[in-house]
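Here is how names work: the chains are called A, B, and so on, in the same order as the sequence lines, proteins then strands, and each is numbered from 1. Values reported hereafter were calculated over all heavy atoms of this structure, with side chains retained and with hydrogens, waters and symmetry mates removed. As the structure is a prediction and not an experimental result, all values here were calculated from the model.
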2 protein chains.
Amino acid sequence: MSDKPRRDGGADIKMSDIARHAGVSPMTVSRALREPSTVSEKMRRKVDAAVREFGYLPNRIAGSLSSKRSNVVGLIVPSIRNSLYANMVQAISDVLRTNGFHLMIANSGHHLEDEEALVSALLAQRVCGLVLHNTTHSKQVRDLVAKTGVPVIETGNLPAEPLDMVVSYSNFEAARAMTAHLGRLGYRKIGFVTLPLRDNDRSEERRHGYFAALKELGLPADPSLVLEAPGGFAEGADALVRLIQTHPGLDACFFAGDVLAVGALFECQRRGWAVPGRVAIASFDDLDLLRHAVPTVTTLRIPRDEIGRRSAELLVNRLLGAPSERVRIDVGFEIVQREST
Amino acid sequence: MSDKPRRDGGADIKMSDIARHAGVSPMTVSRALREPSTVSEKMRRKVDAAVREFGYLPNRIAGSLSSKRSNVVGLIVPSIRNSLYANMVQAISDVLRTNGFHLMIANSGHHLEDEEALVSALLAQRVCGLVLHNTTHSKQVRDLVAKTGVPVIETGNLPAEPLDMVVSYSNFEAARAMTAHLGRLGYRKIGFVTLPLRDNDRSEERRHGYFAALKELGLPADPSLVLEAPGGFAEGADALVRLIQTHPGLDACFFAGDVLAVGALFECQRRGWAVPGRVAIASFDDLDLLRHAVPTVTTLRIPRDEIGRRSAELLVNRLLGAPSERVRIDVGFEIVQREST
DNA sequence: TTATAGGATGGTAGCGATACCAAGAGAATG
DNA sequence: CATTCTCTTGGTATCGCTACCATCCTATAA
């Protein structure tokens, strides 16, 4: 190939070329492509023919610059890997696509500084909207968002002071509800395993919810019943074993995050601990896995795809002209009682 | 609907504003931002100060149009939900990001027609490169790619006639190797459960691999030992039960796709079928889950993140000027023998 | 028939950056 | 001291499209 990396290939057909070959003005081509109804049948046919003949692809970059309008939404998630986010991303992607928008995705790895850099980068790309799976932001981010005025959806938690629109559930309420549920089932010594609390308001809220429920149940708040563990099968297993060693009377354990519960369940199978006979296990988030494991696992169903869908819908509506009003949607959650408790 | 959706907010600072406030020309600002080394220390400081003062964010859309260069890579996966792809996506995203590129993602839902529409849309956005998790394309797609000359990575299979660059493993070889492995372990009646074959060359290749291995093993090729199932726990369970009902002598089953094996394993636990005593179970793709299940599950390790990483690296190199040559990387696979076989 | 509205077209001027070339200022050379 | 070279800086012309306004034509009303 050539010296300079060229990426527009040989076929560099532009609108004016199509116009010339169709015997119309560039404006007519532009209109025929974007608002066909404003163009006469005859013109439209001429344009369509030329477009097809040359395989013309309008340059959306130029279009965006000229119209000051973009059709790309930016999304920042803590981790793309995590299947919970994946569900949400898929839902967002689907809604955007059916409305002619595209999705630019980035992952912050749970770091606030990274979020800052990514928000800047996405805004520099002039995305027309943002979805942030995170509700605690640096001042920089808040300023940027305020200054540019892009519509923003926050997700993953229900913040006290939202940037703009929010679609989420309450981590506090969810954790409290599950803990209370365990109490109602008669469990008295309930362990709590959480994802790392640092830089993660969601984990923090869940922990508060756990303690709030204990209080309501009239159970002692024993900090040594709380363990912090990075998400993962092995970590869940490990956490359960440690809890049982230090608290032989443990009769239930609530794993507030990602596959921890399943790891623990497998460990019980390995050690021959009956679930829920020896220890009951409850999880957070309705992974498919939990419904099929043996025994099936009690969990909190968070409607991740609904979150994605509604986020995208709100964004699209706003972009299509809906008034700029604060919206706060609590999608709620549901306790799914299964065999493990 | 308000009159005009504006998305550039109040703060609409452009390079010329920064230039004026810094007392330099726009070109100097542009250079100070992109190639600071070509600008004198003094100028750079003036520019930086002004940039910070106004919180200026360069407009990459304008930049791209002007330079005919974009820093966005397009990615099309069959499903964002699927955690296998998620691993790859994350790896791609990471590499791109450290090189200053962004990722636009779309999912085709396994439909070729959708791929076509998405490729067009991404090319209209003037992405500087494409990653396609699919190696069978419509003529339209092949033409588009050829005409625009964008660098393309294909992934997910090793095609006979690649579009451009390929990073993958051989589904045929992988399935053959696993089937042969089961044969070597002494299993004689080996079932095969595959994902839907329609529009999916990867599944098709796996099936061929299975039959090729049977032949090498001198085992009869019995089509009734092959079942097609959509991915999922329940589907895997169901498939195994049906196979065992129709073939009581079944001593092993190879699940060539997505969580099918785990679903089957759970079913065995429910029915009290010993694994591998009653039936051995082998899977495809090294989901974390398989390493932790009880029993642990024999599987094929496909280096999904390596695929993502190397894809992105190839793309970045090409974009940074590497010569345009066909590259075909076979990342291989590995049989992971565990307790289930 | 003339006036007038309204829909369909086209011309022109940007959008906000970068490429390319010209020019000025020093530094280095003979 | 003149001359050449290099390093910075700035001016100008796009990039490919769309907004906006002017124009033209046809249809309807008076």
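Nearer to the 5' terminus of DNA chain C, by closest-nucleotide assignment, is the contact made by B:P58 (compared with the other of B:P58 and B:R31).
For A:M15 and C:dG10, the CE to C1' distance is 14 Å, given to the nearest whole Å. Protein atom NZ of B:K42 is 19 Å distant from nucleotide atom P of D:dC7, rounded to whole Å. As rounded to whole Å, 13 Å separates atom C1' of C:dG7 from atom CE of A:M43. A:I61 has its CD1 atom 14 Å from the P atom of C:dA17, to the nearest Å. One interatomic measurement links the two molecules: CD1 of A:I13 to P of D:dC17, which rounds to 11 Å at whole-angstrom precision. Rounded to a whole Å, the CG atom of B:L65 is 4 Å from the C1' atom of D:dC15.
Phosphate contact (OP1/OP2 of D:dA19, side-chain N/O of A:R69, threshold under 4.0 Å): present. Between A:T28 and the phosphate of C:dG10, there is a side-chain N or O to OP1/OP2 separation shorter than 4.0 Å. For the OP1/OP2 pair of D:dG16 and a distance below 4.0 Å, the side-chain nitrogens and oxygens of B:K68 include at least one atom meeting the criterion.
Taking only distance into account, the side chain of A:S25 never meets the base of C:dG11 through a donor-acceptor pair shorter than 3.5 Å. Residue-to-nucleotide contacts include no donor-acceptor pair under 3.5 Å from the side chain of B:R60 to the base of C:dG16.
Of the charged side-chain nitrogens involved, none lies within less than 4.0 Å of a carboxylate oxygen, so that B:E313 and B:R310 do not count as a salt-bridged pair.
Using a 4.0 Å heavy-atom cutoff across all strands shown, A:R34 reaches sugar-phosphate atoms only and no base atom. B:P26 comes within 4.0 angstrom of nothing in the nucleic acid, heavy atoms only.
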